[in-house]
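Down below is the structure, laid out as structure tokens.
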Protein chains: 2
Amino acid sequence: MIIKIEPQSDIPIYTQLTNQIIEGIAKGEIQAGESLPSVRSFAADLGVNMHTVNKSYHQLEAKGIIKIIPKSGAVISSPTQSIDTVSQRMSGALRSIIAEALVSGLEREQIQELVSSIMNDLNKKE
Amino acid sequence: MIIKIEPQSDIPIYTQLTNQIIEGIAKGEIQAGESLPSVRSFAADLGVNMHTVNKSYHQLEAKGIIKIIPKSGAVISSPTQSIDTVSQRMSGALRSIIAEALVSGLEREQIQELVSSIMNDLNKKE
DNA sequence: AAAACTGTTCTATATACTCTATAACAATTA
DNA sequence: TAATTGTTATAGAGTATATAGAACAGTTTT
């Protein structure tokens with residue numbers, strides 16, 4: 001899994017890391033049951049602070065995507081939350097983006113196609 | 001158009017305002033050519049600072065959604081950006097959310113339905 | 001023409017967030 | 001036993017958010 005951090009981005013480093021780990025899982029590059037690197041080694045690889053990686057792991061745990069086992073490691077979880085819970089959380093995030101897309105002149109079909117192409121891209125198990 | 005600001009949210013007030021104005025435009029509650037309230041009167045209505053509203057307006061202008069005419073007002077624009085430009089910008093924002101939805105166990109069809117239901121809801125001209 | 005209002009700009013303050021840097025602890029692992 | 005693990009604590013620098021007040025020049029209204 002290739003992680004690219006852009007320090008100058010307005011997106012916090014720990015969120016960039018969280019997003020890219022999620023993408024890695026979606027692509028199947030990491031699977032449920034497997035472990036993420038330790039916060040120290042991962043931080044060294046990325047050239048960032050240990051606490052930054054730690055914050056990302058806790059962000060992933062809050063989303064129910066990994067399980068942090070104290071003194072041991074961070075393990076990818078199988079989906080556990082109910083569909084309704086996930087849908088509700090996703091809906092709030094999607095709403096603003098879709099509204100902006102509509103206002104910016106995108107047609108409904110174009111938005112659906114955009115979503116499809118993204119899902120296709122995320123299904124590539126590299 | 002009803003604006004609800006949650007001061008305790010982790011989303012900045014000016015972004016909350018930006019998103020809800022965009023939703024208002026998407027719903028047709030405000031149309032292209034019409035003006036937004038002045039930063040001072042809007043701030044007074046919402047109970048926030050003038051500069052917070054001003055920042056929201058500039059955020060909307062950066063997205064190409066309004067045009068700020070100095071000493072005059074903020075006018076809703078008609079979509080002007082190319083489809084490719086908008087698609088590219090939306091794609092980046094959508095990617096993280098869709099990846100999380102997939103990892104959280106949502107099926108492709110369920111995500112498409114979620115997008116559809118959001119677009120239906122945004123089309124209600126209240 | 002005068003008054004009110006417009007977005008803009010400037011300074012200032014308080015709070016919170018981000019990121020880095022050390023250090024130490026207790027439990028797991030090699 | 002030694003190394004590694006996540007955790008916790010403190011500290012500092014830099015940035016972001018939000019508020020507040022003031023002043024300016026152009027626009028709009030009266």
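Throughout, a chain's letter reflects where its sequence line sits, starting with A, and its residues are numbered from 1.
Rounded to a whole Å, the CG atom of Asn49(B) is 10 Å from the P atom of dA18(D). To the nearest angstrom, P of dG6(D) lies 18 Å from NZ of Lys55(A). Rounded to whole angstrom, the span from the CD1 atom of Ile11(B) across to the P atom of dA16(D) amounts to 18 Å. Taking atom CG of residue Asp10(B) and atom P of nucleotide dA16(D), one finds them 17 Å apart after rounding to whole Å. When the C1' atom of dA16(C) is taken as reference, atom CD1 of Ile13(B) falls 13 Å away, rounded to whole Å. The nearest whole Å value for the distance from the CD atom in Glu6(A) to the P atom in dC19(C) is 13 Å. Taking atom CZ on Phe42(B) and atom C1' on dT6(C), their separation rounds to 16 Å, with Å as the unit.
Crowding of Glu107(A) atom CD: a count of heavy atoms from other residues, nucleotides or ligands under 6.0 Å not exceeding 12. Annotation: Glu61(A), atom CD; neighbour count of heavy atoms from other residues, nucleotides and ligands within 6.0 Å is above 12. The 12-atom threshold is exceeded at CD1 of Ile69(B), counting heavy atoms of other residues, nucleotides or ligands nearer than 6.0 Å. The number of heavy atoms from other shown groups lying within 6.0 Å of CD (Gln88(B)) does not exceed 12.
Note on Tyr14(A): every side-chain N or O is 4.0 Å or more away from OP1 and OP2 of dC19(C).
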How would nucleotides 7-14 of chain C be written as a contact map, 5' to 3', with B for base contact, S for sugar-phosphate-only contact and - for no contact, using protein heavy atoms under 4.0 Å?
BBBB----
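Between the CD1 atom of Ile22(A) and the NZ atom of Lys63(A) there is a distance of 5.5 Å, given to the nearest 0.5 Å. In this structure, Ile5(A) CD1 and Gln16(A) CD are separated by 5.0 Å, a value rounded to the nearest 0.5 Å. Note that the CE atom of Met119(A) and the CD1 atom of Ile98(B) stand 6.0 Å from one another [nearest 0.5 Å].
The terminal axes of the helix from dG7(C)-dC24(D) to dA30(C)-dT1(D), fitted over 5 pairs per end, subtend an angle of 40° to the nearest 10°.
Between the Gln81(A) side chain and the Ser104(B) main chain, no donor and acceptor come within less than 3.5 Å of each other.
Looking only at side-chain heavy atoms (C-beta outward), Gln110(A) and Val86(B) stay at 4.5 Å or farther from each other.
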